Amino acid sequence: MNAQQLGQNIEDRFGPDVIDWNVLGPDQLYVTITPESLVEVAEYLYQDQGCRYVINGGTDRRQQRDAFLITHFFAQDEEKIYIAVHTEVEADDPQVDSITPVVPAANWSERETRDMVGVVAVGHPDPRRLVLADDWPEDLYPLRTDVAHDIKPPPAEGVAPERLEPPEGASVVPIGPFFPVLEEPAYFRVFVEGEMVVGADYRGFYNHRGIEKLGCSVLTYNQIPFIAERICGICGYVHSCSYCQTVERAAGIEIPERAEYIRTIVLELERVQSHLLWLGIAAHIIGFDTVLMQTWRMREPLMWLCERITGNRKSYGMNLVGGVRRDIKPEIYDDIRSVIDKIGAEWQELAGAIPGDSTLMARVRGTGILTTETARGLGAAGPTARGSGLAIDVRVDHPYAAYDRLEVTKCVHDSCDNLARVLVRVEETLDAIKILHQALDDMPDGPIMAEIDEELPAGRQAMSAVEAPRGEVFHWVLTGTENRPERWRVRAPTYANLQNVPPMLAGNALADVPISIGSYDPCFSCTERMEVVDVNSGQVRVYTEEEFRAEYDQPGDE
Amino acid sequence: MFKELCQKSFPKSLWVYHCNVGACNGCDIEVIDVLTPYYDAERFGIKLVGSPRHADVLLVCGPVTRQVVPALKRLYDAVPAPKLVIAIGSCAVGGGIWFDSYNVVGGADTILPVDYYIPGCPPRPEAILHGVAVALGLAEKEIESVHLKQLPDRPESVPVEVESS
Amino acid sequence: MTFVINLGLALLGGPLLAGVVRKMVKARVHSRQGPPIIQPFYDLFKLLGKEDLESSPSLVLRYAPMVALAAILAAALLTPMGLRPPLGGYGDMIVFAYFITIAAVMIILAGLVSASPYSMMGAGREIMLHLAVEPVLIICLVIAAIKSGSLLMWDMAAWNYVHGLSINTPSMIIGGVALLLALQAQLGKIPFDIVEAETEIMGGPLIELSGPKLALFEWAFFARQIVYASVLAAIFIPWGTGFALPWNIAAHLLKITVIIVLVGLIDVVNPRLRVDQAMAYFFGVIVVALVGMVLALLGT
Amino acid sequence: MIASKLKEAILSLRPGRVTLKYPFAPHDPEEDFRGYPELDADKCIGCGGCAAVCPARLIMIQDIDQNTRRIMRLLERCIFCGRCADVCPEDAITMTKRFELSTDSGREDMVAECEVFMATCQRCGRCYEPPTPLDKIMEPGLRHDEIKRGGQDSPYKHISSE
Amino acid sequence: MTGITLLTSALILLVVGAILTALLSKSRLACGLVAFVTVLIASIWVTMTAWHALTVAPVKGTVLLTIASLNSSLVFTVDGLSAIFLLVTSLVAVCTTLYSIRYMRIYQRYSLVRYYPLLLLFFASVISVVSVHNMLFFLVFWEFMTLTSYVLVVFETDNAAAQRAGLRYFIATHIATVCMLLATVVLYARVGSFDFAALQTAMGGLMATSPALVHLLLGLFVIGFATKAGILPFGFWLPDAYPAAPTGASAAFAGTMTKLGVYGIVRVFTMFLPMSHSVTVWGIIIAVIGTISLFVAALTALQQSDSRRLISFNIISSVGYMWLAVGTGLALLRISPPLATVALLAGLFHIVNGACYGSLLFLTAGASRYRTGTCDLEKAGGLMHVMPVTAAAAIVASLSIAGVPPFSGFSSKWLIFQSSIVGGFEIPLLVFLAIVAIFISAVVLACFLRFLGTLFLGKLRVSPEVERREVPVTMVVPQVVIGIFCILFGVLPVVAMEPLHRAVSGMLPEGYSPTFASLFGSSPLTINLNISGASSGAWGAIGVLIAFAGCLVLAYLISRMGGAQTRKVPMWLCGEEHPFAEVRYPVHSFLLPFNRLFANIYPSIPMPRLPRPSAILRALNIDNWLYYPGLRLGERIIQAIRVTHAGVPQLYMLWVIVGAALAVIVLFAM
């Protein structure tokens, strides 16, 4: 089945409720439906077609259409299709049916849309108002076009966020917003009994910087790659890549093949450095500083290499719409090879030492279990999903840049614990080194930037995804006037992965919480680049005492 | 005498509490990088600590977001004097690329009294080390404000004296 | 004289050896240059000059650090460090064990009084770890007591100097090994630095302490290293010339340096374990030590 | 277990001490590093192209009088992307290798100001033209009479003022 | 007046006081005052008698009453051993009565007629029990003591739990009495007298003819005393019954009644039993029972969240130490008399200390209940901010029971450890018991740190209507007095040890007990233990304290050398604000991983398998195949025994009948 057939199926099934549908490229399906049928269509896609939920976006189109545009994005990985389901909501009654009851993964983004655009998801199981800072005024929706991007409401006193109460007998251990192993502010309320976690509650948005608003109101097309890159300081290049690809698709710009290869090489270099970095941090979390020091020592030449290729150690600034800014000079091909080969050799040795290191294994094996079902239900992405046995990888499923010409292996482990996530990343690093070699060997000559002759037309849209070190990065752009997008929607992988944290934590020892959170390689800045707030994904399983004991076969106190 | 000894020990043993107040992670990672073998800030007695009570230096990365302000103030209060605040990265120095966003309050010095600034996006580990060296008095700062003026009658520009405001 | 040597070794030798380990072992394995050897002294002096923050004012919290350091120093005065311990006539191994316990209790009290969830958790961990580790120390000392026929620690050390390590006394070898295995936890080193666990509970019982209080605890920890290493060195590792200056002091110093370096080496190649894993480990060590004790009772 | 630990130890010990001498000896960045953007006042024609493309919007173009144009750059929030250098038609801006920018007064020391003499328009034909339509001149920069600093209009109070 | 007249007068005074208080019970204050004055005077008299007996010579009174048919006469006799218990009882009695005056205010609903008269009669019976050398009267007073204490336990008439606890207590102790009675009757049948001296003859005779019967009789006595002492598995009633009584009475029980179980053991095995191999055997048995008891009780105590239950379990564990010491002493009596002297002295010393800190703990728990109205550690905390003296007393008592130097518990525990470790050179088993005891000593410490940490230290956490001040002075004074003793016996143990040594010497056969100086050295400040010529242990509290104080001064100087300033700040909770109630670490969470490990000492759920950190640890972990199975076996045995004491009255009645029948059969078979 291709996108065309899927669109036809939807029209056949829902008939008059489908207002319009069209296919862009081979793999992008855009469906516009009536608000009434939204839940059914979502259920059809999610249940019957086996689609994966990606994210939801709200756009203020009151000027153009006197309506709010609500879009749910799905992905059908087996058929390599991305699906956007549009619904228009009347401007004077901004309400839409919530699909969270049928698609649990929509939980966060529906709340986000409510808070940012002001479209209420009716029937949402956890409709608490939790977007933005605690003292942000009630009726101010930053993503609406009539709200200035630099509005600064005065601080309010005595506003307390709604918090989930701990279960009876448990106490709260606050982890964050400032916590030594969370490099970023994030706030987990972990409910513990003794050292045993019985539940968790997450509150984010400390890193919310309003990037989407800036992108849609003050920045221009070619400024956005730089802000997109700063969504994440570790793997920012995926965001600028994904953004540029999206705009290029929307505008129909073909970028030169060499630019595609350069993007691929930088992406893979970034993956290698990110995984090295992650292993070090993960080891640091469990107190194994030697691994931190050694992996970062291995990583450092790579950073120098990146500086040489791109002019900066990270936040490379390589991408513009239409191609890349700098060429990789052929004379440094060999330097790249020698650096990655050295890393590869040492990494291989390290990987060989890991399984035998029983103290290390004691900490990662069997802890932080994320079952395949939970991972699928809550839309986990990247190594987190692959560590739970879900074989999804955008590089293979929805190839971009030069990946369709390269050999990419999906590294999947199904033991679902922290160890699986370690091993996935360890293997992926070695795989990335292989890909790099292949790309360097195959790289064609030619220009690195496409010629762009005219301004981008307004009202076009496109979706694009990139496999970041942490999982799938998804961007959607609706082009606008004034040389900037009308709407730019981003979903970072941690956004999806974080929803899986509370169910994973329950039942672990508190000592395992940091490493379990760390095993997701969470990047809160990515997640919160927009307006994400979550107090509780609604999926928190607060175990009752009986359940808890039954599950862990722990004797009672008496 | 002992008191003096204690005061003299302060710059030789800077325990750092690193806080991200809304950064993209780039600076945070470079901060950790400074502790790793190639740069080894522990040479100067610098180490990361887990509790602000133990800290001497507050490393602030990122633009101060609205949500983090109260927590940041509490954090500053939780550090015992004498303390230094170092703003790392362009965001913490001047608010960065999102200086005017609705949810960003500005650079770290909007909220805290900042002692040293280390611009860069992200700053190289060497730049951070240099900042530390400046703070320790091991190096001089190497930048100052630039005021240039093209004169109509002379081809080259000259620096102009500007009263610092 | 011995007062000065024991106190000096505990107070100054502790930080110095810690500095040596940081520079020579930890930094070496980390492939980096490392801090100066006297870095711990900088740290301590700096802390002493810092502001003292009180989140839950109480007399207990004010004096707990002093008592902890004093208890460790008192234990040091009871420990043979190459010479006859200055307080040897006033306390035996049980008194010694209790002073060690007092120091642990002060850490626990500090954690309890701080009342922060992290410090409470750290205090709980300290109690559990102490309960698991202390028997090892006791059993090992009892082995030595059985062999030497006395509960006085210098009698044990003297027995050790005279009889030395021999295949005929496997109980002493087992005791020494068990003590070495337990040393890691007693010194609060990875994989058993569970109590402080910077990355989990941010310093545990010490989270709320700053300035001089923290300095005193840190100093007590440094001194504790010397005390424990001295017990192991004097009672279980032979090679010394009895109680005479200066060679046995030198030999003792060498022995504790080797022990602390060894402990530091284990520290750098392991991750931190969870407290339940650590307890399981120590129950194993206890059983080993008990086997040693049975052998000792059987006369070997 | 022991074998693994030994492997790890060997892996750790093999490289030896790798710590660089920096800051006691220089450690220069790689070629093409994007450091402090220096403005060659002699070359600048005041076209404002840099202000148009700067993502951090830190360049202010202000006409003081008939023939003086002030180019004010608040480099405190510069992200060192080098776009200004890319688009400058006169190559007046160069990304230097200077990276040791730490200072104790960030807001003052990171300010770079240049007053350009705008003669009667003999240079018109050489004014800024965007490389692609996507880089075309936008309002930020040219239009602003004042340039905002991060935190300038912050509603929150500074901690020492409490 | 001679010593024994004073004792008799004291008893009469107590009985008169009981009648007076019963009459005055409408006026609560007068009633309390009368009781206090009575007890104070009686105690002074008793103390004088006891002191005389201890320092000069045992005193023996005249015959007060004769029951010719049973060939028994009531004669009060005070020897060294009795004197020790009399002294302890006097102290505890005065303090608890004074304490009760104000404390009983919280029982406004209940009439005091069920309290003071019975308390006074209880003290009278305790004094009587230890001052008779006739088994018949011993049992009579013993029974009298049981009855009075039973009424005190069920004081809260409308509290169903207290009633149940009282019933269990009643039945359990009566079975114990029946056991002892049976044993006594058998002996009486041999010699026709209840005098202790005569019973020893009977015992000696039996030993020659039917040793099995001797062991049976001894077993019955041990069960009897174990039940009273709270030793597991017979003391199961204690953790329920002690908390049920008003705290003044609980403190009195903890200070006197529990200790009588040890008194009985010492009496029976030193006075009844001729020196023989069986003394050694029974000594070991007693030591093992004591150790099991202290092990199980302390680990169970760790899991309690009611302060009085927690203390009760620790009282059991403390009595376990006494049994360990006494058992060690008995076991070594033939092999090494000096060591046995040390052990018995240790046991007696621990009884004295146990009485002090046991009652003090109940007093502090009662004080916190008086103020906060609850004994639940979850519901109150941080009381040191409002009740500094009580908190100090609680710290002293807790550190005492945990045996932290220089508090009293340490001195006696030190002696216990010494005797059992050194005794282990002779009887290896004792070393293992010593190690268990040392380990449990740390557990007790952990337990009381939790008690202190939650109830007294930390942030203030009481309901708003609670008055924020110290308890009344009449409740403070007893705590201070007992607290002083706790410190005194810790700092200057020799003060207590010399009289105790005299008591022990008096108990043992001639020539068995070495002189005090030869055992403990001649210094009044330092104990230099000398057994078999060579020094084997040393404890100089003063010397160590001076050195410790020096170190403390050094530490203080170090802490001040930087001239640090102090500033008050809120608690650091990672940046967000939390109500304290939310982040407060609940009591039952504390030590949860550890408690989980030992939770199944009582219940039958199998031990959780712990993940092993590594292969080498697996190899080292002999506990998989040695330790756990052993532990499980122990649990099962304990479990089995516990099951038989399920608390069904009928079952106990059945036991009594079966026991009686058995006794009759034995009697007639002789």
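Bear in mind that the values here come from a model prediction, so they are computed numbers and not experimental data. Chain letters run A, B, ... following the sequence lines, proteins first, then strands; residues in each count from 1.
For C:E134, the part sitting under 4.5 Å from any heavy atom of chain E is the side chain, from C-beta outward, and nothing else. Using a 4.5 Å cut-off between heavy atoms, C:I207 contacts chain E through its side chain alone, with no backbone atom that close. Looking at C:A71, both its backbone and its side chain come within 4.5 Å of chain E, counting heavy atoms on both sides. Heavy atoms closer than 4.5 Å to chain E are found in the side chain of C:I138, but not in its backbone. C:M293 touches chain E through its side chain: at least one heavy atom from C-beta onward sits under 4.5 Å away, while N, CA, C and O do not. The parts of E:L552 that come within reach of chain C are both its backbone and its side chain, each placing non-hydrogen atoms under 4.5 angstrom from that chain. For C:I102, the part lying near chain E is the side chain, with the backbone staying farther off; criterion is any non-hydrogen pair under 4.5 Å. Interface remark: E:P428 contributes backbone and side-chain atoms alike to the contact with chain C (heavy atom separation under 4.5 Å). Contacts between C:L216 and chain E at a heavy-atom distance below 4.5 Å involve the side chain alone, from C-beta outward. Only the side chain of C:P135 comes within contact range of chain E, with at least one heavy atom under 4.5 Å from a heavy atom of that chain. Within the 4.5 angstrom heavy-atom criterion, no atom of C:I286 approaches chain E. Only the side chain of C:V142 comes within less than 4.5 Å of a heavy atom of chain E; its backbone N, CA, C and O stay farther away. At a 4.5 Å heavy-atom cutoff, E:A541 makes no contact with chain C through either its backbone or its side chain. C:L77 touches chain E through its side chain: at least one heavy atom from C-beta onward sits under 4.5 Å away, while N, CA, C and O do not. Neither the backbone nor the side chain of C:Y63 has a heavy atom closer than 4.5 Å to any heavy atom of chain E.
You'll find the side chain of E:V422 reaches within 4.5 Å of the side chain of C:L151, heavy atoms only. Taking the side chain as every heavy atom from C-beta outward, C:I108 and E:L445 never approach each other to under 4.5 Å.
For the options C:I94, C:I139, C:L69, heavy-atom pairs under 4.5 Å to chain E are most numerous at C:I94. Chosen from E:F417, E:F410, E:Y556, E:W539, the residue pairing most often with chain C at heavy-atom distances under 4.5 Å is E:F410. Of the residues considered (C:L53, C:L73, C:L44), C:L53 shows the highest number of contacts with chain E, using heavy-atom pairs under 4.5 Å. Looking only at heavy-atom pairs under 4.5 Å with chain E, the residue among C:A76, C:P117, C:A220 that has the most is C:P117.
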(request) Test C:Y98 against E:V544 for side chain to side chain contact (heavy atoms under 4.5 Å, CB included), laying out the working first. (result) CA-CA 12 Å; C:Y98 266 94; E:V544 171; over 6 Å; no
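The structure places CG of C:L48 at 10.0 Å from CZ of E:R560, a figure rounded to the nearest 0.5 Å. A distance of 5.0 Å separates CD1 in E:I558 from CG in C:L11, rounded to the nearest 0.5 Å.
For E:G424 against C:L297, the heavy-atom pair with the smallest separation is O-CD2, 3.8 Å. Nearest heavy atoms, C:A74 versus E:C551: N-SG, 3.9 Å. Pairing each heavy atom of C:P212 with each of E:S559, the nearest pair is CB-O, 3.5 Å.
For E:Q565, the CD atom is loosely surrounded, since the number of other residues' heavy atoms within 6.0 Å does not exceed 12.
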